[in-house]
Trainee: 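The structure's right below; bear with me while I get my questions together.
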Amino acid sequence: MEKQRKVVTKIKYESGKVTPLGTEPNDECYTAMQDIVNELAQYGHDGRFRGKDIICPCDWDILEDEEVYSLRVDFDEDIHAHTNDVKLISYEKQNGALHNVRVEKEEIDKFLRERTRCNFLRTLIENANTWGIKSVSVSGYNPATGKGKKFQDVDYSQYDICITNPPFSRYAEFIETLVKTEIDFIILAPFLNRVNPCVGIPLLLKQCYLGYGRKLRMNFFNPTIDNEYNTKLVACDWITTFYDAQEAVDKSRLLNGIKYEDYEDEYMVMENMTMKDGTHPIRVNNFRAIPDDYYGWMFCSIGVLDILSNEEFEWYGTGFKGYLNTNRHISPFEHRASNEMVSNANTKGFHGVVIRRRRI
């Protein structure tokens, strides 16, 4: 609760103002330590972080200090012993100009214990010995004061891996920045963005993959006087360039024990959605109802990506209209991808994905 109140103070916007998720006042999302550990441990124990320089941008609540916007922790590497000790901590303060301030060796433990506030930083430092991390850097930008380092200004070429929870209102720009730099990343994304071009298209193009933690319930700061500063839970995904989690899914084969001919009447035909092959997808309301012997197009909710093997299925988002309409050679649709394709006369349309089992 204390952290929430500090965030409210820093944001400095009209208390009680109602804003939709994704706008700047609602960008502050508290990422629980356990969620971070659960995800990063999957890669840390596999040696993905060994000898790597890691950057965690976007977090402007790094230290108990309003003027600190950048911090770096370097570790002494002993490759043979596979241990890392903190060698040096430096951070930048902004008082009109940036200053590098070193923390002496005897002050390091006290500094890390009492002053670090970023859970990504805490997790990486706590596990640096086990995971063999070379360095961890954290930078942030305070939208309330306009001070600090924006993620657009980070030189990602100086780092190997980006790990962070970016501002969701700038998510499209953020992930585009990372994809262009070709840096590896493990970041959080809003769950519904699976069918939003900013996340869905990189997933479709295999530029990144869903991580191990999917549909996390994240605490977004949406504080008002009326709700006594309670937070709003929002479903989120981990998105990563590491193929590990997707590879585990690809090794499995989706078999539900359902034959299409036995239950054909149970599947509604999406007559207003026409594919290039002239067929209409059938609607599958639950991935447990995907028939084992059906090789035509199927329309499903975005949750199906949790269990979908890229080797066994191909898939496309119906919400990628801008991309698919300008890249007709890969679009499976006969006409524009839009809400009209997935809506009925008396039913509001929604975006999902169309999938098709690959013939082996």
Side-chain angles (χ1 to χ4, degrees), residues 22 168-182 185 187 189-210 237 239-241 243 246-247 249-250 254 260 267-285 287 290-291 293-345 347-360:
F168 283 4
S169 68
R170 310 298 297 273
Y171 204 93
E173 183 181 3
F174 181 78
I175 197 167
E176 182 181 6
T177 299
L178 294 190
V179 169
K180 284 182 178 179
T181 61
E182 298 183 353
F185 57 80
I187 58 178
F191 173 74
L192 292 178
N193 273 23
R194 290 180 177 190
V195 288
N196 184 299
C198 68
V199 171
I201 290 176
L203 287 174
L204 172 68
L205 298 179
K206 311 298 187 294
Q207 294 172 328
C208 58
Y209 308 92
L210 292 174
D237 289 316
I239 304 290
T240 178
T241 51
Y243 191 67
Q246 184 61 50
E247 185 177 34
V249 175
D250 285 349
L254 183 60
Y260 178 69
Y267 299 100
M268 181 180 72
V269 177
M270 308 295 290
E271 295 182 355
N272 52 347
M273 185 188 296
T274 307
M275 314 307 289
K276 280 183 178 177
D277 58 14
T279 64
H280 307 290
I282 61 172
R283 179 166 178 171
V284 180
N285 293 325
F287 67 83
I290 294 176
D293 58 349
Y294 192 76
Y295 287 88
W297 289 105
M298 295 171 276
F299 174 74
C300 304
S301 69
I302 56 177
V304 75
L305 296 182
D306 285 337
I307 52 87
L308 206 65
S309 164
N310 283 335
E311 293 184 357
E312 187 180 355
F313 289 88
E314 59 178 309
W315 67 271
Y316 300 87
T318 63
F320 304 163
K321 53 186 177 182
Y323 177 81
L324 294 177
N325 291 332
T326 56
N327 293 271
R328 296 291 298 162
H329 61 289
I330 71 165
S331 175
F333 305 105
E334 176 60 31
H335 46 74
R336 289 178 60 86
S338 62
N339 278 343
E340 289 73 22
M341 295 170 55
V342 295
S343 61
N344 298 313
T347 305
K348 183 179 179 181
F350 66 95
H351 288 307
V353 294
V354 290
I355 68 173
R356 182 169 65 176
R357 185 177 270 105
R358 301 180 190 274
R359 291 188 179 274
I360 301 175

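Just so it is clear, the structure is predicted and the values come from calculations on it, not from any experiment.
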Trainee: side-chain contact (heavy atoms from CB on, under 4.5 Å) for N310 and Q246? Distances and angles first, verdict last.
Mentor: CA-CA 8 Å; N310 283 335; Q246 184 61 50; 3.4 Å; yes
Trainee: Could R359 and Y295 be counted as a cation-pi pair, given that NZ or CZ must be under 6.0 Å from the ring centre and within 45° of the axis?
Mentor: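 The answer is yes, since R359 meets both limits relative to Y295.
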Trainee: Would a 4.5 Å heavy-atom cut-off, applied to side chains only, mark V179 and T241 as touching?
Mentor: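 SC-SC contact between V179 and T241 ruled out.
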Trainee: Please enumerate all residues that pass salt bridge (Lys or Arg N to Asp or Glu O under 4.0 Å) together with D293, with sequence neighbours excluded.
Mentor: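 Listed in chain order: nothing, the list is empty.
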Trainee: For Y260, give me all partners under ring-ring contact (aromatic ring centres under 6.0 Å, His included), at least two apart in sequence or on another chain.
Mentor: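 With neighbours one apart ignored, the set is Y267, Y294.
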Trainee: Taking only residues two or more places apart in sequence, or in another chain, which ones meet R357 in a salt bridge (Lys or Arg N to Asp or Glu O under 4.0 Å)?
Mentor: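 For R357, the residues satisfying salt bridge (Lys or Arg N to Asp or Glu O under 4.0 Å) (neighbours in sequence not counted) are E312.
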Trainee: Please evaluate residues L204 and W315 with respect to the criterion side-chain contact (heavy atoms from CB on, under 4.5 Å), reporting the C-alpha separation (whole Å), side-chain torsions for both, the decisive distance (0.1 Å), and the verdict.
Mentor: CA-CA 7 Å; L204 172 68; W315 67 271; 4.1 Å; yes
Trainee: Residues in salt bridge (Lys or Arg N to Asp or Glu O under 4.0 Å) with E173, at least two apart?
Mentor: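 Listed in chain order: R170.
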Trainee: Measure the spacing between CZ of F313 and CG of L254 and express it to the nearest 0.5 Å.
Mentor: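 One finds 5.0 Å between CZ of F313 and CG of L254.
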Trainee: The criterion is ring-ring contact (aromatic ring centres under 6.0 Å, His included); which residues satisfy it with Y209, sequence neighbours excluded?
Mentor: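 For Y209, the residues satisfying ring-ring contact (aromatic ring centres under 6.0 Å, His included) (neighbours in sequence not counted) are Y243.
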Trainee: Go through the steps to decide whether I355 and Y316 satisfy the test side-chain contact (heavy atoms from CB on, under 4.5 Å), and finish with yes or no.
Mentor: CA-CA 7 Å; I355 68 173; Y316 300 87; over 6 Å; no
Trainee: Quick one: list whatever passes side chain to side chain donor-acceptor pair (under 3.5 Å) with E311, sequence neighbours left out.
Mentor: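 By the side chain to side chain donor-acceptor pair (under 3.5 Å) rule, E311 matches no residue at all.
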Trainee: Keeping S301 on the side-chain end and G352 on the backbone end, is there a donor-acceptor pair under 3.5 Å?
Mentor: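 Absent.
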Trainee: Can you tell me how far CG of L210 sits from CZ of R194, rounded to the nearest 0.5 angstrom?
Mentor: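 Here the rounded value is 5.0 Å.
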Trainee: Taking the side chain from H280 and the backbone from V269, do they hold a donor-acceptor pair closer than 3.5 Å?
Mentor: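 Absent.
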Trainee: Might you point out which heavy atoms bring V354 and F299 nearest each other, and give the distance in Å?
Mentor: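 What the structure gives for the nearest pair is CG1-CD1, 4.2 Å.
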Trainee: Under 4.0 Å between a side-chain nitrogen and a carboxylate oxygen: does that hold for E334 and K276?
Mentor: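 Between K276 and E334 there is no salt bridge, as every charged N stays at least 4.0 Å from the carboxylate O atoms.
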Trainee: To the nearest 0.5 Å, how far apart are CG in L178 and CD in E176?
Mentor: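 Result: 10.5 Å between the selected atoms.
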Trainee: Among residues at least two apart in sequence or on other chains, which ones pass side chain to side chain donor-acceptor pair (under 3.5 Å) with T279?
Mentor: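 Listed in chain order: D277.
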Trainee: CG/L203 to CG/L308 distance, rounded to the nearest 0.5 angstrom?
Mentor: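 One gets 11.5 Å once the value is rounded to the nearest 0.5 Å.
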Trainee: Among M298, M273, M268, exactly one meets side-chain contact (heavy atoms from CB on, under 4.5 Å) together with P281. Which residue is that?
Mentor: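 It is M273; the other options fail the test.
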Trainee: Nearest 0.5 Å, please: how far is CH2 in W297 from CD in E314?
Mentor: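 That separation rounds to 4.0 Å.
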Trainee: List the residues meeting ring-ring contact (aromatic ring centres under 6.0 Å, His included) with F287, not counting sequence neighbours, and say none if there are none.
Mentor: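 Residues passing ring-ring contact (aromatic ring centres under 6.0 Å, His included) with F287: none at all.
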Trainee: Taking all non-hydrogen atoms of both residues into account, name the closest pair between Y171 and A189 and its distance.
Mentor: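 Y171 and A189 have their closest heavy atoms at OH-CB, 3.0 Å.
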Trainee: So how far is it from I175 CD1 to I187 CD1, rounded to the nearest 0.5 Å?
Mentor: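 If we round to the nearest 0.5 Å, I175:CD1 and I187:CD1 are 4.5 Å apart.
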Trainee: By side chain to side chain donor-acceptor pair (under 3.5 Å), which residues pair with T177, not counting sequence neighbours?
Mentor: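 With sequence neighbours excluded, T177 shows a side chain to side chain donor-acceptor pair (under 3.5 Å) to no residue whatsoever.
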